[in-house]
Amino acid sequence: MTASSRPGTTRLIRHAPGHSPGVFTSRTRPMSRYTAADIEPKWQQAWDEAGIFTATRDETKPKYYVLEMFPYPSGRIHMGHVRNYTMGDVISRYKSSCGFSVLHPMGWDAFGMPAENAAMAQGGHPGTWTYDNIKTMKGQMKPLGLSIDWSREFATCDPEYYGQQQAMFIDFMEKGLVYRKNATVNWDPVDMTVLANEQVIDGCGWRSGAPVERRDLTQWFFKISDYSGELLDALDGLDNWPEKVRTMQANWIGRSQGLQFSFERVDGSDGIEVYTTRPDTLMGASFVGISPDHPISKALEAENPEIAAQLVEMRKGGTTAEAIETAEKLGYDTGIRVKHPLNPDWELPVWIANFILMDYGTGAIFACPAHDQRDLDFCRKYDLPVKDTFLSLDDPKPVENEAFVPPKTEKVKWVDHFAGLDEATGEEAIEATVKFAEQAGWGKGVEQFRLRDWGLSRQRYWGCPIPVVHCDECGVVPEKKENLPVKLPEDVSFDVPGNPLDRHPTWRDCACPSCGKPAKRETDTMDTFVDSSWYYARFTSPHAATPTDLEEASYWMNVDQYIGGIEHAILHLLYSRFFARAMNICGHLPEKAREPFNALFTQGMVTHEMYVGSEKIEAGEDAETADGTPAKLVWHARPVYYYPEDVVRFEDSGKPMAFSKKDVEEEGLDPNDTSSLIRWWRAQDELDPSDEPKRLRVYPSAKMSKSKCNVVDPVNIIDAFGADTARWFVLSDSPPERDVEWTASGAEAAAKHLSRVFATAVKIADMDDADGNDEELLRAMHKAIHDVTMGIESFGFNAAIAKLYAYQNAVSKSKAGGKAQKLAMRTMAQLMSPMTPHLSEEIWSMLGGEGLVAQAAWPIADEAMLVEDTVTLPIQINGKRRAEISVPKDMAKDEVEKLALAEDAVVRALDGKAPKKVIVVPGRIVNVVV
RNA sequence: GCCCAAGUGGCGGAAUGGUAGACGCAGGGGAUUCAAAAUCCCCCGAUGGCAACAUCGUGUGAGUUCGAGUCUCACCUUGGGCACCA
């Protein structure tokens, strides 16, 4: 019945008439062995010719927009890209099979510093570097067979794109969403540019890593802080975002509720506004503190050199985490006195204190040392009074050198207060106090946010020019929209630091859009995060003459599934959420797109073992060591990283061993002969255990990085195994949100599996269409359909792949008739097609599938086939499995119970007594309690 | 310091409150081969036992439940985020 498998013989490959793109007929060499290099280009061409990835607006179908975070064109794709885009591709292809009209675009986040750095280092123009890189990377991505609509591709450095960004900037200006102000900014001394607060990490530039300096500059800002409350509240609705990302954004926006009020000055001049989240501790006030950058501090500084000197000292403090932790509290008594709002006879001193930030709240506070550690440290240092306002109920002792700061939900006893009960929680007391102050009219409850406006000016060349003009007569005027784009000049040099636009001989010169007189262009360009804040919207109409085409945007938005790295949890995603709102206000996006990403998935990294050896190096001849020995006699080791391909790796009793391939070959050993390698290594170990310079240390799971040499180039993998293997591997093994460790054996296992599937398909294609013995296989098929579908739907790609392994085992062992086997194998092709699209097409056509598998409707599992007629029920005794019985699936409960109680193990356990209780869960389990 | 997430074999990891360890890797045994590679088949948590089987077992300790990897509380460890934000 089953035709014998004859490897090496050619086979006829059938395909349905009428569904044959040209490439089908050109197929000349049916294969018996899986050769990705032959299969993959062929099907990519077939997809191209059929144009199946071109997104088309089809009002009769539901739409689905899949987006992966677009790449920076650094020059080469890496495994992280492969993993990211493969996940998106699985979703995209799956949704397409399910009947959705899918949009799956790709573009380039192309502005930014590296292009300028390259220009500085090796000459040339940043644009040339960027577009060359894009070409290379696109060339590397194409072989992956991604279902991307390349007709929508753009780079953010295309004038068509950034021109629309400029148009939108002008719209934002009109709506009051952009403004210019003089501000103390974060200046990166290496990149010679300004950074947003979000881009300063531990006091250092996010890109350069250099400690950030403070500078006063006139800068452009987006009014993102107007949306603090909305951006925070809307997080609750983002059910399909990772909890982690929502928490990070909520912390970043940082809402607090408090009381704002003014301390009247004893000398009658303007009062001092303060903000506090603990107004209930007002009776414990010790002094009023103002920031060194507070207007009062600045005024005093101008007239008093002693204060000026003190302030220089106070502002010095570093911004790094350790610096803040160890920073000493510094203060200066201004001599100013203010009145306590509840008792005009109670005077408080006003101190300038280095720990008070100007840009949070009002830049001024009242200090309650008993219940705030910072205030307490300050008061102890300058010998200011410390007064308890409440005590612990359990341990009511006054504060010494540790402030008493219980959770706001803990009930405490109040010793001095003016509103609320004698025993109350902090929360209750705060509420009562705010109410009291508002009624008395001296204060009001306010909401404060940590989020500040987004400074977007950058003093760089390779970015989107800010489309405004500075006119002596008219001031700052937006460029006319018909003059857009304001293009970057081509003739620039990077031989000196600073902004080439500033020193360009003519680029700045222009006519004032308002009065027509000679004027100067703005030379700042936009932060590159602006470019990535709306690209998802542009993809819906990438060639429109306006930023978006509202009709297209209304159809395609929102992004149904966004996929990217966790590193963008705050910056990019917060800015994009703001931009979507601003674009809605300007009419570029529909109301529903104010929250642009319906679902977000953050994928893990691809890691690889790291191989580290050491090299003994001689110190410089002139150097001397501490004890005076000439340095050239001193040896020390320097870590040396090895590329995986230069390493011979094997395991000795499960312990990973690695040696440099060069060393092994010099020893005259065969790198593939593990047993002699182990003998060699063990012998070496016994002879001279102290000297093992040749053995490399193996560190697992390090993020792939060029400097650590633990990179695997996707191009090499595709050359060696094919795209389908690379795709299959990055999805298997680890859950997508976690890191996946790239291992050579894992990649080989993936390749082997695909070969097995192919071989099974070849064998089945040769069978005749006989019936018989089909039941078991059909059940396995429907179970696979069910399980794989569930896996994809829930982002459990690794689980879906495991089910496909199991299904392959079932199919290859099946004794069913040819007809059933062919159906089973076609279904295999369909279920695998989101992950391994090329191999799936090959198998599909080999087995007479109609058209392209990429266009076939996703199979639906028959529920009836998922339930077995007879089930194996485990029998538990007191919750421990002790036996099992096989029964018809719908056997009555008491029948099952009778059978269970007759089991040997149960009889033994009962020892003649009656069971206390018997639980029968139909089709699941029986538990006997004795 | 505050907030969040995760701890399961030698390894990556599966498990709607219902047979813990699916699937893969590594390892062991066998078939095929002159031999090897490739391929195919079997075994593979720990302890005891020739075996049937028994006992233990999902970071630690308690709890809820007929039944807990899964739910609750406390703790430990690791990873991540925030942090002089009043």
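These numbers were taken from a predicted model, which means no experiment stands behind them. Labels below follow one simple rule: chain letters A, B, ... track the order of the sequence lines, proteins then strands, and each chain is numbered from 1.
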Next on the checklist: So, using ring-ring contact (aromatic ring centres under 6.0 Å, His included) as the criterion, who are the partners of Phe355(A) when residues are at least two apart?
Outcome noted: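 Residues passing ring-ring contact (aromatic ring centres under 6.0 Å, His included) with Phe355(A): Phe378(A).
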If you only use heavy atoms from C-beta on, which nucleotide in [options] is closest to the side chain of [X]?
X         : options                   : result
Arg374(A) : rC3(B), rC84(B), rG13(B)  : rC84(B)
Arg882(A) : rC85(B), rC84(B), rU55(B) : rU55(B)
Lys917(A) : rC66(B), rG12(B), rC85(B) : rC66(B)
Ile919(A) : rG13(B), rC66(B), rG81(B) : rC66(B)
Met248(A) : rC41(B), rG81(B), rC85(B) : rG81(B)
Lys329(A) : rA14(B), rC84(B), rC66(B) : rC84(B)

Test side-chain contact (heavy atoms from CB on, under 4.5 Å) applied to [X] - qualifying residues, sequence neighbours left out:
X         : result
Arg278(A) : Thr276(A), Asp280(A), Thr281(A), Phe390(A), Lys408(A), Ile430(A)
Val740(A) : Arg83(A), Val606(A), Ser734(A)
Pro295(A) : Met358(A)
Arg924(A) : Val921(A)

Show me the protein contacts with nucleotides 19-25 of chain B, counting only N or O atoms at under 3.5 Å.
{"unit_1": "rC25(B)", "atom_1": "O2'", "unit_2": "Ser745(A)", "atom_2": "OG", "d": "3.2"}

Between [N] and [M], how far apart are the two [atom1] atoms, rounded to whole Å?
N       : M       : atom1 : result
rU70(B) : rA6(B)  : C1'   : 14 Å
rA83(B) : rC4(B)  : C1'   : 15 Å
rU60(B) : rC76(B) : P     : 15 Å
rG45(B) : rG10(B) : P     : 10 Å
rC71(B) : rU78(B) : C1'   : 24 Å
rU32(B) : rC42(B) : C1'   : 15 Å
rA68(B) : rU77(B) : P     : 28 Å
rC11(B) : rU64(B) : P     : 34 Å

Next on the checklist: Between Lys244(A) and rC4(B), is there a contact of a side-chain N or O with OP1 or OP2 at under 4.0 Å?
Outcome noted: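 Result: no.
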Rounded to the nearest angstrom, tell me the gap between atom [atom1] in [X] and atom [atom2] in [N].
X         : N       : atom1 : atom2 : value
Asp739(A) : rA6(B)  : CG    : C1'   : 12 Å
Leu574(A) : rC82(B) : CG    : C1'   : 15 Å
Gln373(A) : rC85(B) : CD    : C1'   : 17 Å

Checklist entry - Going by the angle between their ring planes, with limits at 30° and 60°, are Tyr575(A) and Trp454(A) parallel, tilted or perpendicular? => result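 Taking Trp454(A) first and then Tyr575(A), their aromatic rings lie parallel (interplane angle under 30°).
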Next on the checklist: Parallel, tilted or perpendicular, judged at 30° and 60°: which one describes the rings of Phe797(A) and Phe795(A)?
Outcome noted: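 Tilted: the ring planes of Phe797(A) and Phe795(A) meet at 30° to 60°.
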Checklist entry - Is there a side-chain contact between Ile801(A) and Trp728(A) (heavy atoms, below 4.5 Å)? => result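 Ile801(A) vs Trp728(A): side chains touch.
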Categorize [X] for me: base, sugar-phosphate, or nothing, with a 4.0 angstrom heavy-atom threshold over every strand shown.
X         : value
Val929(A) : sugar-phosphate
Leu804(A) : nothing
Asp372(A) : nothing

Checklist entry - Tell me, what's RNA chain B's dot-bracket, Watson-Crick or G-U with both distances under 3.5 Å, | for other-strand, [ ] crossing? => result (((((((..(((.....[....))).(((((.......))))).((((....))))..(((((..]....))))))))))))....
Checklist entry - When you match Phe355(A) and Glu737(A) each to their closest nucleotide on RNA chain B, which lands nearer the 5' end? => result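 In this pair, the answer is Glu737(A).
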Next on the checklist: If the condition is salt bridge (Lys or Arg N to Asp or Glu O under 4.0 Å), which residues does Glu431(A) pass it with, not counting sequence neighbours?
Outcome noted: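 Result, salt bridge (Lys or Arg N to Asp or Glu O under 4.0 Å) vs Glu431(A): none returned.
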Next on the checklist: Short of 4.0 Å, heavy atom to strand atom, which residues of residues 274-291 of chain A count as contacting RNA chain B?
Outcome noted: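 Residues of residues 274-291 of chain A that come under 4.0 Å of RNA chain B are, in numerical order, Tyr275(A), Thr276(A), Thr277(A), Arg278(A).
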Checklist entry - Is the base of rG9(B) syn or anti, if syn means a glycosidic angle within 90° of 0? => result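 What rG9(B) shows is a syn base, its glycosidic angle lying within 90° of 0.
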Next on the checklist: Suppose we screen for side chain to side chain donor-acceptor pair (under 3.5 Å). Which residues come up paired with Glu427(A), at least two apart in sequence or across chains?
Outcome noted: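 Counting only residues at least two positions away or on another chain, Glu427(A) forms no side chain to side chain donor-acceptor pair (under 3.5 Å).
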Checklist entry - Can you name the residues that form a side chain to side chain donor-acceptor pair (under 3.5 Å) with Asp733(A), not counting sequence neighbours? => result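 Not a single residue meets the side chain to side chain donor-acceptor pair (under 3.5 Å) criterion with Asp733(A).
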Item to check | Where at least one partner belongs to residues 355-372 of chain A, residue pairs that pass salt bridge (Lys or Arg N to Asp or Glu O under 4.0 Å), sequence neighbours excluded | outcome: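 Those involving residues 355-372 of chain A are Asp359(A)-Arg452(A), Asp372(A)-Arg374(A).
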Checklist entry - Does a donor on one side chain sit under 3.5 Å from an acceptor on the other, for Tyr360(A) and Ser291(A)? => result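 Distance-only check fails for Tyr360(A) and Ser291(A).
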Checklist entry - Do the side chain of Asn927(A) and the base of rC66(B) come within less than 3.5 angstrom through a donor-acceptor pair of N or O atoms? => result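 Looking at the base of rC66(B), it does pair with a donor or acceptor on the side chain of Asn927(A) (distance under 3.5 Å).
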